[in-house]
Chemist: 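My structure is below; once you've seen it, I'll send some questions.
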Amino acid sequence: MMPGAVTPLTASTFSRAIEYGLQNIAASVGLKNCQPYFKKMGLCLGHMFINMHNVAEIYEQHVTIADKRVAEMSLVGRCLEEITMDDIIEYHGKSSLWKGVVHSFNFVKHLYTSKHKIQKLEKTLTTYSICRHDNATAMYEEINERLPECYQAWADHMSYGARSAAWSTVLMMVLSQGAREWTMQLFSDMAHLYVNCEQVTSADVPDTLEKLAVKLIEEGHRDRLIAMSPQEATAWLLGADSGPSGQLFQIFLDLHGHRCLREAELREMSWRAAPTKVVLTIQTMLKNNQIASVKEPFNFHEAVKKIKSPITFAGRYILKWALPYARQGVMEREQSKSAAVKMADHFKQAYWYLASLMVAEGRLPEEDLLFFLTHQEIGTLLRSRSAVLVAKALRRRRILPKQMSLKFPEICRGHPEPIEVGALSVSGSDLMLKGMPVSHGTVTAPARVVTRLEDAGTIQAGEILIVQSTDIGWSPYFPLLSGLVTELGGLISHGAVVAREYGLPCVVSVKNATAMFQTGDLVLLNGTEGSVRKLNANS
């Protein structure tokens, strides 16, 4: 959702929303009321962190039916061996049995009602808008008054995501037969059960783009569009001369125009505001004829046959009952995130409009600087016209590229410290890394290592993409790929979900993958065993 560093405006709003969402879950269970200060989120050198020790207050020591692994699966994508139950109990204490039962009832109620909250949010978004004012002070006050609505949208999404993680845990309990340790083989088996989930928003993005590419070819526009610059192609697709192809492109923007790379970053313009980002991918698809992928329908009995873990007779029936809910949970998690991002996009547009007003009134020298002030500092600047704040924003913008280049370990103990970034030299073909297998298959292809978002457009057809993590902004590139490797992520993270929809071998949680491999390396990716191996060019 948010790789790399964030701007101060995003840090002061989005991190507050996630903090509220995490505190809201604990408050609904009956543990603690929401507090105005940060307990579960942190910021270091522009990077946001989740305090998993504080999140752990809703684990089984306080909520009888809870499981430490549920929250970890939901937030991190894997079980954390770095935090033990002894550590958690020492820090948070332990509730009595009857309190644990009461908390459990509240927790189930919270998860159940989260669906109704998302339905209410989606209904609200059909007519939602933020009023535009003709002066910056009134516009800021409008945003400030409405901002809690954005916080609530993210909180509702997080509650809905917890439902999905809970169902994943049920499947894992069946496959593991209640064992405390979840092996990589279990995750590999789970990947079979999550193939081709229906109506997944992230997968609909590349699907719609593929349909558009097919339509462009059918109408004889392929060579014409390839010859155009991305700006010219965008203008043509949005114009009246594009016909049915343009209508399909407009449908895509209506459905997914609020999404983009690093979509929670307020400075990043959405696809609707900057459609050229998507058009560039369409042109690449047309050049490489990488379209019209075929997906196999999901079959429960065939999926179970592929599972290597032993399943008891009773476990098979539980699996058959729980699996539809777990698969639906993947769809619901993506659906709720789309709704939250759509709400956030309204505020993104409102902040850009506010920036234009502040420039027109002589309060800022340029619009982009607004995002290098916190939400509170913008209010101060409107009241005082402080040159000190403008100078501070300029300094913050200068150091953002350096902050973006910083890399942190997935799990930090104590104060986060950046780690050394750079390619590690490994001779010959003796390099093999292991991770979590989340989409089956084996492929040998050149690697494309992307460590900077601006290099995403360099992806070529047939390559194995190696990145730190992916969000929906990467979805348009999936039809071009032959495989995916990420340093972060889990079984139901974005990359894993879309890779399974496209039948791409995928391994996540591969530590130091972007440093150990380089673009052009010949790579053998095994999405069944969870391995990534570098080969000699003549292998």
Side-chain angles (χ1 to χ4, degrees), residues 3 202-203 205-214 216-217 221-234 260-262 271 275-294 423 429 431 439 441-487 494-495 498-499 501-508 510 513-527 532-539:
S202 295
V205 169
D207 281 350
T208 306
L209 291 180
E210 283 189 332
K211 291 174 184 176
L212 175 56
V214 170
L216 287 165
I217 293 173
H221 299 310
R222 177 181 179 274
D223 295 337
R224 177 184 180 184
L225 205 73
I226 291 174
M228 293 179 180
S229 69
Q231 293 75 18
E232 292 171 336
T234 302
C260 65
L261 281 167
R262 302 181 79 236
W271 290 331
T276 303
K277 300 176 182 178
V278 181
V279 172
L280 190 60
T281 307
I282 296 170
Q283 289 177 307
T284 305
M285 292 168 66
L286 291 171
K287 287 176 186 176
N288 294 282
N289 289 315
Q290 202 79 11
I291 54 175
S293 59
V294 179
S429 59
L431 169 63
S439 183
T442 303
V443 64
T444 301
R448 171 65 62 175
V449 181
V450 179
T451 57
R452 302 186 311 159
L453 294 173
E454 52 266 38
D455 294 335
T458 63
I459 297 171
Q460 300 298 312
E463 293 179 327
I464 295 173
L465 178 62
I466 302 178
V467 292
Q468 183 183 26
S469 63
T470 66
D471 60 19
I472 197 168
W474 293 90
S475 292
Y477 299 101
F478 274 75
L480 302 173
L481 304 178
S482 61
L484 176 67
V485 177
T486 69
E487 294 180 327
H494 168 267
V498 184
E501 297 303 301
Y502 272 77
L504 301 178
C506 179
V507 182
V508 301
V510 183
T514 59
M516 301 291 280
F517 293 96
Q518 298 181 47
T519 295
D521 286 345
L522 188 63
V523 171
L524 171 61
L525 171 61
N526 190 322
V532 191
R533 182 188 296 272
K534 179 181 176 181
L535 303 175
N536 286 325
N538 57 1
S539 295

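Note that this is a predicted model, so its numbers are computed, not measured. Heavy-atom basis, side chains included; hydrogens, waters and symmetry copies ignored.
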Chemist: Quick one: does Gln460's side chain have a donor or acceptor within less than 3.5 Å of a partner on Thr458's backbone?
Modeler: yes

Chemist: When you check the side-chain N and O atoms of Thr514 and Gln468, is any donor under 3.5 Å from an acceptor?
Modeler: no

Chemist: For Tyr477 and Thr284: C-alpha separation, side-chain torsions, deciding distance, then whether side-chain contact (heavy atoms from CB on, under 4.5 Å) applies.
Modeler: CA-CA 9 Å; Tyr477 299 101; Thr284 305; over 6 Å; no

Chemist: Let me confirm one number: the CG-CZ distance from Asn526 to Arg533, rounded to the nearest 0.5 Å.
Modeler: 9.5 Å

Chemist: Which atom pair, heavy atoms only, marks the closest approach of Pro446 to Gly462?
Modeler: CD-O, 4.3 Å

Chemist: Whether the side chain of Gln518 engages the backbone of Val449 through a donor-acceptor N/O pair (distance < 3.5 Å, no angle test) should be reported.
Modeler: no

Chemist: Step by step, work out the side-chain contact (heavy atoms from CB on, under 4.5 Å) result for Gln231 and Thr234.
Modeler: CA-CA 5 Å; Gln231 293 75 18; Thr234 302; 5.7 Å; no

Chemist: Which atoms form the tightest heavy-atom contact between Val485 and Ala513, and what is the distance?
Modeler: CG1-CB, 4.1 Å

Chemist: Which atom pair, heavy atoms only, marks the closest approach of Asp471 to His494?
Modeler: O-CE1, 2.8 Å

Chemist: Restricting to non-hydrogen atoms, name the atom on Gly527 and the atom on Pro505 that form the minimum distance, rounded to 0.1 Å.
Modeler: N-CB, 4.2 Å

Chemist: Give a yes or no on whether the backbone of Leu216 and the side-chain of His221 come within a donor-acceptor separation of less than 3.5 Å.
Modeler: no

Chemist: Find out whether Lys211 and Thr208 are in side-chain contact, i.e. whether some heavy atom of one side chain is under 4.5 Å from a heavy atom of the other.
Modeler: no

Chemist: Distance check, rounded to the nearest 0.5 Å: Leu209 atom CG versus Met285 atom CE?
Modeler: 5.5 Å

Chemist: Can you see which heavy atom on Arg448 is nearest to which on Thr519, and at what distance?
Modeler: NH1-CG2, 3.6 Å

Chemist: How many angstroms lie between atom CD1 of Ile464 and atom CD1 of Ile459, to the nearest 0.5 angstrom?
Modeler: 13.0 Å

Chemist: Calculate, to the nearest 0.5 Å, the distance between atoms CD1 and CD1 belonging to Ile226 and Ile282 respectively.
Modeler: 12.0 Å

Chemist: Have a look at Trp474 and tell me which of Thr281, Leu465, Val498, Thr486 forms a side chain to side chain contact (heavy atoms under 4.5 Å, CB included) with it.
Modeler: Leu465

Chemist: Which heavy atom in Leu225 sits nearest to a heavy atom in Ala233, and how many Å separate them?
Modeler: CD1-CB, 3.8 Å

Chemist: Just do the side-chain contact (heavy atoms from CB on, under 4.5 Å) check on Leu504 and Phe478 with the steps written out, would you?
Modeler: CA-CA 9 Å; Leu504 301 178; Phe478 274 75; 3.8 Å; yes

Chemist: So if I apply the side chain to side chain contact (heavy atoms under 4.5 Å, CB included) rule between Tyr502 and each of Leu481, Leu484, Asp207, which one comes out positive?
Modeler: Asp207

Chemist: Which distance, rounded to the nearest 0.5 Å, do you find between the OG1 of Thr276 and the CH2 of Trp271?
Modeler: 13.5 Å

